[in-house]
S.K.: 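Would you mind keeping the following structure in view while I ask a few things?
Each chain gets a letter, A, B and so on, in the order its sequence line appears, and its residues count up from 1.
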Amino acid sequence: MASTAPARGMRDFLPADVRRRTYVIGVIRGVYERYGFEPLETPAVENIETLLGKYGDEGNQLIFKILKRGEHEASGQADLALRYDLTVPLSRVVAEHRGTLPKYFKRYQIQPVWRADRPARGRFREFYQCDVDATGSTSPVVEAELCAAACEAMQALGFSDAVLRLNHRAVLTGVLDVAGVPADKHGDALVALDKLDKIGLDGVKAEYETRGLRPEVADTVLGILGAAALSGVVAADNAAALDRVEAFVAGHAEAVAGIATMRTVLALAARTPAAHQLRVDLSLARGLSYYTGCIMEMTVPDLAGSLGGGGRYDGLVGMFLGQAVPAAGFSLGLERILVVMGERAMFPAHIAATAADVLIAQWNADTAGDALALAHTLRAGGLRVEVYPDADKLGKQFKYAAATGVPLVVVEGDDERAAGELTVKDLRTGEQQRVPRAQAGAYLKDLLTPVASGSL
RNA sequence: GUGGGUGUAGCUCAAGGGCAGAGCGCCGGACUGUGGCUCCGGAUGUUGGGGGUUCGAAUCCCCUCACCCACCCCA
């Protein structure tokens, strides 16, 4: 017999999982919509050329490829692939529909993506991303709004300790240039630097040596980037970090411009919900190769990886269109948010609710029709009603209700039928009451209404 | 992709060459109109899979697969 476990890195979502997921998605979508982002969905499958070459060498390897079908399958060649993120499909859509989309296209997209990665904690081969992106503008207002939306979404979910780290690709390049790191070693220098908060200053130095970078270069780079990276989430610290790096890269025009952009983004974001969550982190690098300007990453103390990330990618749409369209975006990682919220027990009680409020017990096979008719009446009154399908012993039926968390059970037996009444038992209190059939709906609703007296 | 660890009942885990077990859960009954509490009874299974050593393997060896941890990378 075949294994019944889902494929490696893939998951089934049972009812309780789906309730938590739809809750989080709903909160995030609500925030995104209040910022004026419009919904977009794109296919799970893209032509493989659309994806190749957009994510760097590492990314290319992690794309789930789909073999050619039919007689060409034996060739082992792939012509399609599952989407790797939502940013590249957006860029393709912007290029494809350039004539009909508005000048500034702000969209959100909450869909699964696939990566042929090795699964780990908070890391799966199929996972949802919650993206917001804005195309058509180079203004730092875009970055400020992205930061604000991401931070507000996290706040709405109940996170009070999320930090949004901010850096700029041109500033990183400038520091490395001025420090004398050859251009072909920039990647190595950034990968090592990105691990600063994990392995510490000495660890990064050691890694610089093994990657063939001169130790004194490491001291210089770390002196200017590393020290700043370890500062707190305070506006004064952010300003001081930028001042320090600006003095270092004084003659490097692109870096100076990048610093000015970061200052503007910080100043604008200070007027938004992101005000107290932004932290300049000059060691932030991010792996995706398409970023060109500001880069951002959302972190919390108790998860090693990030809960989301984003940045400006002014060159990506141009790869499909031949004509540059500026863009920037941010992506919240649903799975990791769920992992942390689960560990911290951050879900509100109401989403644990069961599917039904009322179970109608089945007396015998002949009364099944009556049970369905009663269910219809109660449902029309707004109650969530389940009918027990088999004429099992009442004990079993009550046990089923208790096991599935349905709080109320209705029994219409011979005695009740003769009297035109129903028996209603509240499993939470164990209390039981006979009520006239016509008043059952109101009585049930009354039981379900939380008692407000005393607590309000 | 690299290194280490763990795989035994639905779940959590014992047994470390000699009849595969416990707790919880599940099913049935005590209770033929009522869940939880109690008591009684029952079924748990190719010990992840394959091969080898042995009179005999859950146990020792080899291979393989899955999961966990640390790297690498990422949301």
Side-chain angles (χ1 to χ4, degrees), chain A residues 1-9 11 24 28 55-63 84-87 110-131 150 187-188 190-192 194-195 198-199 203 207 210-211 284-289 296-300 303-311 329-340 359 361-364 367 388 391-417 422-434:
Chain A
M1 193 150 68
S3 165
T4 55
R8 182 177 173 76
R11 295 163 295 163
V24 171
I28 293 172
Y55 306 107
D57 291 340
E58 290 273 359
N60 274 354
Q61 307 244 316
L62 297 179
I63 293 172
Y84 182 87
D85 71 357
L86 302 177
T87 307
I110 300 173
Q111 287 191 282
V113 304
W114 292 268
R115 296 184 189 176
D117 227 347
R118 175 172 239 192
R121 186 172 98 105
R123 180 178 179 179
F124 308 94
R125 288 180 151 184
E126 176 181 58
F127 60 97
Y128 274 66
Q129 293 194 319
C130 312
D131 277 42
D188 282 309
L190 291 178
V191 167
D194 201 40
K195 299 182 203 167
K198 217 182 289 180
I199 61 181
E207 184 147 344
T210 65
R211 286 176 186 262
L284 176 64
R286 290 192 60 74
L288 296 179
S289 58
M296 293 92 77
E297 195 163 280
M298 186 77 74
T299 57
V300 291
L303 189 78
S306 68
L307 295 185
F330 194 89
S331 175
L332 286 173
L334 177 66
E335 319 303 338
R336 295 196 170 166
I337 289 172
L338 285 162
V339 164
V340 175
L359 176 76
Q362 187 165 155
W363 187 246
N364 60 46
T367 61
Y388 195 91
D392 286 337
K393 287 166 58 174
L394 280 183
K396 275 191 138 181
Q397 304 196 39
F398 275 90
K399 200 165 183 174
Y400 171 80
T404 53
V406 177
L408 304 176
V409 175
V410 171
V411 178
E412 185 178 27
D414 295 336
D415 297 348
E416 288 89 345
R417 191 173 302 276
L422 298 172
T423 291
V424 174
K425 180 161 183 177
D426 187 335
L427 266 52
R428 299 166 299 184
T429 62
E431 286 171 22
Q432 184 167 313
Q433 183 74 41
R434 288 272 290 261

S.K.: Could you measure between the two P atoms, the one in B/U53 and the one in B/A15, and give it in whole Å?
M.R.: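 That atom pair is separated by 28 Å.
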
S.K.: Provide the distance between the two C1' atoms, one in B/G35 and one in B/A57, to the nearest whole Å.
M.R.: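 Their C1' atoms lie roughly 46 Å apart.
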
S.K.: Check whether A/N60 reaches the backbone of A/I63 with its side chain - one donor and one acceptor, N or O, closer than 3.5 Å.
M.R.: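 Judged by distance alone, no pair lies under 3.5 Å.
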
S.K.: For nucleotides 39-44 of chain B, give me one character per nucleotide, 5' to 3': B if any protein heavy atom sits under 4.0 Å from the base, S if the only such contacts are to the sugar-phosphate, - if neither.
M.R.: ------

S.K.: Could you encode protein contacts along nucleotides 31-36 of chain B as a string, one character per nucleotide from 5' to 3', using B for base contact, S for sugar-phosphate-only contact and - for no contact, with a heavy-atom cut-off of under 4.0 Å?
M.R.: --BBBB

S.K.: Determine the Euclidean distance between corresponding C1' atoms of B/G33 and B/C13; express it in Å to zero decimal places.
M.R.: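 These two C1' atoms come out 41 Å apart once rounded.
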
S.K.: Assign A/I337 to base, sugar-phosphate, or nothing according to its heavy-atom contacts below 4.0 angstrom with the strands shown.
M.R.: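 If one applies the 4.0 Å heavy-atom cut-off, A/I337 turns out to touch nothing in the nucleic acid.
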
S.K.: Taking the same atom, C1', in B/C71 and in B/G36, what whole-Å distance lies between them?
M.R.: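 Pairwise C1' distance, B/C71 against B/G36, rounds to 50 Å.
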
S.K.: Rounded to whole Å, please give me the gap between OH in A/Y55 and C1' in B/A75.
M.R.: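 About 13 Å, once rounded to whole Å.
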
S.K.: Does the side chain of A/L334 come within less than 4.5 Å of A/F127's, by heavy atoms?
M.R.: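 Result no, sub-4.5 Å side-chain heavy-atom pair not found.
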
S.K.: What are the two closest non-hydrogen atoms of A/Q397 and A/A391, and how far apart are they?
M.R.: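 Minimum heavy-atom separation between A/Q397 and A/A391: NE2-C, 4.2 Å.
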
S.K.: Any idea which heavy atoms bring A/Y388 and A/L359 closest together, and the distance?
M.R.: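 Looks like N-CD1, 3.8 Å.
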
S.K.: Taking syn as any angle within 90 degrees of 0 and anti as the rest, which one fits B/G7?
M.R.: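 Base orientation: anti.
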
S.K.: Should the ring pair A/Y84 and A/Y55 be called parallel, tilted or perpendicular, given that the plane angle runs from 0 to 90° and is split at 30 and 60?
M.R.: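 Answer is tilted, since the angle falls between 30° and 60°.
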
S.K.: Determine the Euclidean distance between corresponding P atoms of B/A70 and B/G17; express it in Å to zero decimal places.
M.R.: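 The same atom, P, in both gives a distance of 32 Å.
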
S.K.: Is the closest side-chain heavy-atom distance between A/K425 and A/V411 below 4.5 Å?
M.R.: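 In short, these two side chains do not touch, never coming nearer than 4.5 Å.
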
S.K.: Rounded to the nearest angstrom, tell me the gap between atom CD in A/E297 and atom C1' in B/C73.
M.R.: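 Rounded to the whole Å, the gap is 12 Å.
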
S.K.: Applying the side-chain contact (heavy atoms from CB on, under 4.5 Å) criterion to A/L422, which one of A/Q433, A/R434, A/E412 satisfies it?
M.R.: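 Between A/L422 and the candidates, side-chain contact (heavy atoms from CB on, under 4.5 Å) is satisfied uniquely by A/E412.
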
S.K.: Kindly give the heavy-atom pair with the smallest separation between A/E297 and A/S306, and that separation in Å.
M.R.: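 Closest heavy-atom pair between A/E297 and A/S306: CG-CB, 3.3 Å.
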
S.K.: Pick the P atom in B/U34 and in B/G29, then give their distance to the nearest Å.
M.R.: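 Going atom to atom, P in each nucleotide, I get 12 Å.
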
S.K.: With a non-hydrogen cut-off below 4.0 angstrom, is A/Y400 in contact with a base, only sugar-phosphate, or nothing?
M.R.: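 It contacts nothing in the nucleic acid.
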
S.K.: Convert the base pairs of RNA chain B into dot-bracket notation, remembering that pairs crossing earlier ones are written with [ ] and that bases paired across to another strand are shown as |; include only Watson-Crick or G-U pairs under 3.5 Å.
M.R.: (((((((..((((....[..)))).(((((.......))))).....(((((..]....))))))))))))....

S.K.: Rounded to whole Å, please give me the gap between CD in A/Q111 and P in B/A75.
M.R.: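 So the CD-P distance, A/Q111 to B/A75, works out to 18 Å.
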
S.K.: On a plain distance test, is the side chain of A/R123 in donor-acceptor contact with the base of B/C73 below 3.5 Å?
M.R.: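 Per atom types, the contact qualifies.
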
S.K.: On RNA chain B, check which nucleotide each of A/M298 and A/G9 is closest to and give me the residue with the more 5' one.
M.R.: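 Upstream on the strand: A/G9.
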
S.K.: In whole Å, measure the gap between the C1' atoms of B/C67 and B/C24 for me.
M.R.: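 B/C67 and B/C24 have their C1' atoms separated by 23 Å.
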
S.K.: Write down the distance between CZ (A/R115) and C1' (B/C72), rounded to a whole number of angstrom.
M.R.: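 Interatomic distance, CZ of A/R115 to C1' of B/C72: 15 Å.
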
S.K.: Is there side-chain contact between A/W363 and A/D414, with heavy atoms separated by less than 4.5 Å?
M.R.: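 The answer is yes, as the side chains (C-beta and beyond) meet within the 4.5 Å cut-off.
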
S.K.: May I have the distance from A/Q61 (atom CD) to B/G1 (atom P), rounded to whole angstrom?
M.R.: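 Result: 11 Å.
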
S.K.: Taking CZ from A/F127 and P from B/C73, how many angstroms apart are they, rounded to a whole number?
M.R.: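 Between P of B/C73 and CZ of A/F127: 17 Å.
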
S.K.: Decide yes or no for A/D131 and A/F330: does some side-chain heavy atom of the first lie under 4.5 Å from some side-chain heavy atom of the second?
M.R.: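 Side chain of A/D131 against side chain of A/F330, heavy atoms only: no contact under 4.5 Å found.
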
S.K.: How many whole angstroms separate atom CH2 of A/W114 from atom P of B/C73?
M.R.: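 In whole Å, B/C73 P lies 26 Å from A/W114 CH2.
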
S.K.: Quick one: which of A/R123, A/R11, A/Q129 gives a side-chain hydrogen bond (donor to acceptor under 3.5 Å, both in side chains) with A/E335?
M.R.: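 Testing A/E335 for a side-chain hydrogen bond (donor to acceptor under 3.5 Å, both in side chains) against A/R123, A/R11, A/Q129 leaves exactly one candidate, A/R11.
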
S.K.: Between B/U59 and B/A14, how far is it from one C1' atom to the other, in whole Å?
M.R.: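 These two C1' atoms come out 13 Å apart once rounded.
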
S.K.: Distance from A/R125 atom CZ to A/R118 atom CZ, nearest 0.5 Å?
M.R.: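 If we round to the nearest 0.5 Å, A/R125:CZ and A/R118:CZ are 9.5 Å apart.
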
S.K.: With a 3.5 Å distance limit and no angle check, can you tell me whether A/R336 reaches the backbone of A/G308 through a side-chain donor-acceptor pair?
M.R.: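 No.
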
S.K.: How long is the line joining CD1 of A/I63 and P of B/A75, in whole Å?
M.R.: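 Answer to the nearest Å: 14 Å.
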
